*Asks:* 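Supplied in structure tokens, the structure appears directly below.
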Amino acid sequence: MKFTAEQIAGILEGEVVGNPNAEVSKLSKIEEGDEGSLTFLANPKYINYIYTTKATVTIVNDSFIPEQEITTTLIKVEDAYAAFSKLLHFYNQVKLNKTGIEPQSFMSEGTKYGENLYLGSFGYIGQNVVLGNNVKIYPNSFIGDNVTIGDNVFIFAGAKIYSETVIGNNCTIHSGVIIGADGFGFAPNENGEYSKVPQIGNVIIEDNVDIGANTTIDRATLGSTIIRKGVKLDNQIMIAHNVEIGKNTVIAAQSGVAGSTKIGENCMIGGQVGIAGHLTIGNNVRLQAQSGVARNIKDDEVLQGTPSLGYTDFNKSYVHFKNLPKIVAEVEELKKQIINPKNGNNG
């Protein structure tokens, strides 16, 4: 799909300096721009590239005045970075705006769906499913019975949404995500074997949630596992049964939250963090990468380490951790002097 500089300037409310009919069909970094590409200049560190870039069109700030000859057509805007971000969003919407039901897909009778549905090949829609407007379900995806999905939801290839799941509006679920699989519930019996505890709850995903590739969210034993409004989950995260994650909390890759833990609002959790079960994590908590959490955490705490310590305490302690060999050697030397005072320095 091609756009002219004039069309792009219209979207961004910018001014064209150069050829308004210059056409672009792809996006690029300014240092890697080539013919037919659109790029931007926002960071002064990259200003030299404006004079050598082969990009056809470049978005710049209103204040930019070239000091040398340039070949690229400029689109001047108030904030080049924000304008380019807006354009990326627009480009993504156009690229992903598929509609229609492709061959080899299956939709159960009685499925209710809104306008502009896209169902890719080999997609499966179970019984009593309700889909909102502008839902996009990419190939090889599974939507189980009694699932409800709101408006403007993207479910990318290979995602699996088990029965009874509820998904709100404006959510993105990436490839390989599994929502609603059984929680890890087993009870030991008198023979030392484990009997499965039925998992009969569901998962609720509220509005504006993003779930990264290969992340898994287990259904509740009873009640619901709940991901609140605005939560952002990275790739390869494990959320266990009956967990609740408060609104606008973000969690980085390879983290895991054990069963029945409640995480508050506006928390930031780094990669590879492990959180034990049946805990309460307060609001505005910061957990640094690879922290191990085994206790309740109050609002506004910042923790690091395993077991996790206060962030400042951890950094102070780390100074001593790395100096332990030297400290041990000094202690051994002091012990020798105490045992054999003649060997010491008596001044």
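All figures in this text were calculated on a predicted structure; none of them were measured in a lab.
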*Asks:* Heavy atoms, side chains only, cut-off 4.5 Å: are Phe154 and Tyr138 in contact?
*Replies:* yes
*Asks:* Ignoring hydrogens and geometry, is there a side-chain-to-backbone donor-acceptor pair from Thr53 to Ala55 under 3.5 Å?
*Replies:* yes
*Asks:* Report yes if the distance between the aromatic ring centroids of Phe84 and Phe40 is under 6.0 Å, otherwise no.
*Replies:* yes
*Asks:* Assess whether a salt bridge exists between Glu206 and Arg228, defined as any Lys/Arg side-chain N lying under 4.0 Å from an Asp/Glu carboxylate O.
*Replies:* yes
*Asks:* Name all pairs fulfilling the salt bridge (Lys or Arg N to Asp or Glu O under 4.0 Å) condition that reach into residues 33-53, sequence neighbours left out, sorted by first residue then second.
*Replies:* Lys26-Asp34
*Asks:* What residue among Ile149, Val135, Leu119 forms side chain to side chain contact (heavy atoms under 4.5 Å, CB included) with Ile143?
*Replies:* Ile149
*Asks:* How about Asn97 and Lys136: do any of their side-chain heavy atoms sit closer than 4.5 Å?
*Replies:* yes
*Asks:* Considering all heavy atoms of both residues, which atom of Ile200 and which atom of Leu222 are nearest to each other, and what is their separation?
*Replies:* CD1-CD2, 3.4 Å
*Asks:* Is any side-chain heavy atom of Leu131 closer than 4.5 Å to one of Ile137?
*Replies:* yes
*Asks:* For Phe186 and Phe184, I'd like to know if the aromatic rings sit close, meaning centre-to-centre distance below 6.0 Å.
*Replies:* yes
*Asks:* Strictly distance-based, threshold 3.5 Å: is any side-chain N or O of Gln104 a donor or acceptor partner for the main-chain N or O of Glu102?
*Replies:* no
*Asks:* Any heavy-atom pair between the side chains of Ile167 and Thr148 that's under 4.5 Å?
*Replies:* no
*Asks:* In terms of side-chain geometry, is the basic nitrogen of Asp210 or Lys232 positioned less than 4.0 Å from the acidic oxygen of its partner?
*Replies:* yes
*Asks:* Would you call Glu332 and Lys335 a salt bridge, using N to O less than 4.0 angstrom?
*Replies:* yes
*Asks:* Is there a side-chain contact between Asn283 and Asn266 (heavy atoms, below 4.5 Å)?
*Replies:* no
*Asks:* What residue among Thr111, Asp145, Asn146 forms side-chain hydrogen bond (donor to acceptor under 3.5 Å, both in side chains) with Asn128?
*Replies:* Asn146
